[in-house]
Amino acid sequence: MIDYDAMTDPQINKAVAIYCGFELHSEDEISCWVTKFISAGYGPRHVVSLVSDYCNNWADAGPIIVENRITIEAETKGGLWNAYHEDFPANFVESGLDDDPLHAAMIVFLKMKEAE
């Protein structure tokens, strides 16, 4: 099992992008180019973009959180965040290792995908 807690935001962003169907085309630590083959109204095409900022941008992470039914809640003390998916056992709960709720949610997403 991968230690997602030790990964940086860019590393988590890349891993999430790959699980979302993007193909990685560079290994830059800060950003990278990815492509995704999609079917559009006039036939298939490739979408090329920089990796989204899933750890810091609600617009990027929100659809993943909703689609995968990940719950995010604030701890009552310490200002930290918990994220979890109730259908997975307790070891899939990300418990306040970061004060960023999106970071916690993306770690849960990666653990869910790794378990599939």
Side-chain angles (χ1 to χ4, degrees):
M1 183 174 231
I2 298 171
D3 182 8
Y4 296 108
D5 297 322
M7 294 173 70
T8 64
D9 282 359
Q11 291 170 328
I12 290 174
N13 287 335
K14 289 178 191 179
V16 171
I18 290 168
Y19 275 118
C20 289
F22 286 92
E23 182 179 334
L24 185 64
H25 291 288
S26 71
E27 292 296 329
D28 184 275
E29 179 61 25
I30 303 304
S31 62
C32 67
W33 289 98
V34 295
T35 60
K36 185 174 187 177
F37 186 74
I38 63 169
S39 200
Y42 296 103
R45 64 186 175 107
H46 276 88
V47 174
V48 180
S49 67
L50 286 172
V51 171
S52 299
D53 193 358
Y54 302 105
C55 290
N56 296 294
N57 187 336
W58 283 94
D60 294 334
I64 293 170
I65 292 167
V66 170
E67 182 179 318
N68 292 280
R69 304 186 63 78
I70 296 170
T71 300
I72 302 172
E73 60 185 25
E75 284 188 348
T76 55
K77 298 178 184 173
L80 299 175
W81 294 89
N82 291 329
Y84 59 90
H85 187 284
E86 63 186 43
D87 290 343
F88 280 84
N91 62 332
F92 285 90
V93 175
E94 171 63 20
S95 298
L97 298 176
D98 196 309
D99 60 358
D100 181 356
L102 296 181
H103 185 94
M106 292 304 100
I107 289 175
V108 170
F109 172 73
L110 292 172
K111 288 179 179 181
M112 290 169 61
K113 291 301 181 183
E114 185 179 39
E116 288 180 346

- Message: Run Ile107 and His103 through side-chain contact (heavy atoms from CB on, under 4.5 Å) and show every step you take.
- Response: CA-CA 6 Å; Ile107 289 175; His103 185 94; 3.4 Å; yes
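For Asn56, the side chain to side chain contact (heavy atoms under 4.5 Å, CB included) criterion is met by Asp9, Asp53, Asp100, not counting sequence neighbours.
The shortest non-hydrogen separation linking Ala15 to Met7 is CB-CE, 4.3 Å.
The distance from atom NZ of Lys111 to atom CE of Met106, rounded to the nearest 0.5 Å, is 13.5 Å. Separation of atoms CH2 (Trp58) and CG (Leu102) is listed at 4.5 Å; rounding is to 0.5 Å.
By the 4.5 Å heavy-atom criterion applied to side chains, His85 and Phe109 are not counted as neighbours.
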Show me the side-chain donor-acceptor pairs of residues 61-73 shorter than 3.5 Å, one per line, residues at least two apart or across chains.
{"unit_1": "Asn68", "atom_1": "ND2", "unit_2": "Ile64", "atom_2": "O", "d": "2.9"}
{"unit_1": "Glu73", "atom_1": "OE1", "unit_2": "Tyr84", "atom_2": "OH", "d": "3.3"}

